Amino acid sequence: MPELPEVETVRRGLAPVMEGAVITAVEARRADLRFPFPERFAERLAGRRIAAMGRRAKYLTADLDDGTVLVMHLGMSGSFRIEVTGESSLPGVFHHDRSKQAAHDHVLFHLDHPNHGKVRAIYNDPRRFGFMDLIARSGFDQHPFFRDLGIEPTGNALSADYLAARFAGKRTPLKAALLDQKLVAGLGNIYVCEALHGAGLSPKRLAGSLTTKNGRPSKHLAPLTDEIRKVIARAIEAGGSSLRDHRQADGSLGYFQHQFAVYDREGEPCPKPGCGGTVRRIVQSGRSTFHCPSCQR
DNA sequence: ATCATGACCTGTTAGC
DNA sequence: TGCTAACAGGTCATGA
């Protein structure tokens, strides 16, 4: 499910109830998700206070008061929801039908928050491609999860020069290059399709074709960085995209899917003014790519 | 080294 | 209506 904007939306939803809260208990209802939970997972979390909720690429992090970091990845279908347990006064908290989602509730974090009282954060993940781990804050950047990750697409590091350096000599299609978390971390299938359409670049074009002989950026790279930055920012603003199950932590739906130009719009007219093309679906590296062959060259 | 592919799992939907 | 096949936001291990 979640690319960077969805994970960031989850982080923003969890932060108000998790930051500053003490974890009173954790229930892991099975031994593994994609990977086994770390040794003594629940015991190591119990009693810890959460100092801050963070995000790196598509990873959610919770910094604990003992120097460990709870790392969480939502995989394809992971989501969180918040439930108030007592007479807590959280405006707009998700009042859901518990029986509906309980089937795949795998981890329950029981929290005690100084302002909100007793609250639970519940991790649900039907496909179980998500995972959780505990690592040391001191070794965070060197940890295998994070060591090889590329830059965040939201910050100043993303530039035409950066992409030119990383694309140089690459024979892989632009679509695959942008999905590679070692180059730009956090982009996924939706937002790569959208950014390439915005930039008017074909997903089939070889990444290396966007650099000049001496490794300088071609004229297409500045617009591409702009489109990446823009689509990610707009999607975060919209609370992410709700294709089937992504929700904000308060239960409301993200609505960026209504702004897709090409993703999941096969057969529809290209929305670019004056283009007149038709959105097509192709398969690249085993995954759907949506693009407009008329205006993406 | 680089790249494309299948595997991991379950749920939903398109098509017959 | 009911069955089956294809497909889904991600990543990792494989083999060419």
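Per chain, numbering begins at 1; letters A, B, ... match sequence-line order. Predicted, not measured: the structure shown is a model, and the values here were computed from it.
Shown here is A:K204, whose NZ atom has no more than 12 heavy atoms of other residues, nucleotides or ligands within 6.0 Å.
Nucleic acid contact class of A:P144 (heavy atoms, under 4.0 Å, all strands): none. No engagement by A:F145 is indicated, since no non-hydrogen atom pair under 4.0 Å with the nucleic acid exists. The residue A:R34 sits close to a base: some heavy atom pair falls under 4.0 Å. Counting non-hydrogen atoms under 4.0 angstrom, A:Q284 reaches nothing in the nucleic acid.
Residue A:H73 places at least one side-chain N or O closer than 4.0 Å to OP1 or OP2 of C:dT11.
The C1' atoms of B:dG6 and C:dC7 are separated by 15 Å, rounded to the nearest whole Å. Comparing the P positions of C:dA6 and B:dA7 gives an interatomic distance of 14 Å, to the nearest angstrom.
Remark: A:R49 does not engage A:D66 in a salt bridge, criterion side-chain N to carboxylate O under 4.0 Å. Using a 4.0 Å cut-off between charged side-chain N and carboxylate O, A:D105 and A:R81 make a salt bridge. Classification of A:K230 and A:E227 as a salt-bridged pair holds, one side-chain N sitting under 4.0 Å from a carboxylate O.
Nucleotides of DNA chain B with any atom under 4.0 Å from a heavy atom of chain A span, from 5' to 3', B:dC3 to B:dG11.
Using modelled atom types and a 3.5 Å distance limit, the side chains of A:S252 and A:D250 yield a donor-acceptor pair. With 3.5 Å as the limit, one finds a donor-acceptor pair spanning the side chains of A:Y191 and A:S241.
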| field | Secondary-structure string, 5' to 3', Watson-Crick or G-U under 3.5 Å, | for another-strand partners, for DNA chain B | value | .|||||||.|||||||
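Taking only distance into account, the side chain of A:R287 never meets the base of C:dA8 through a donor-acceptor pair shorter than 3.5 Å.
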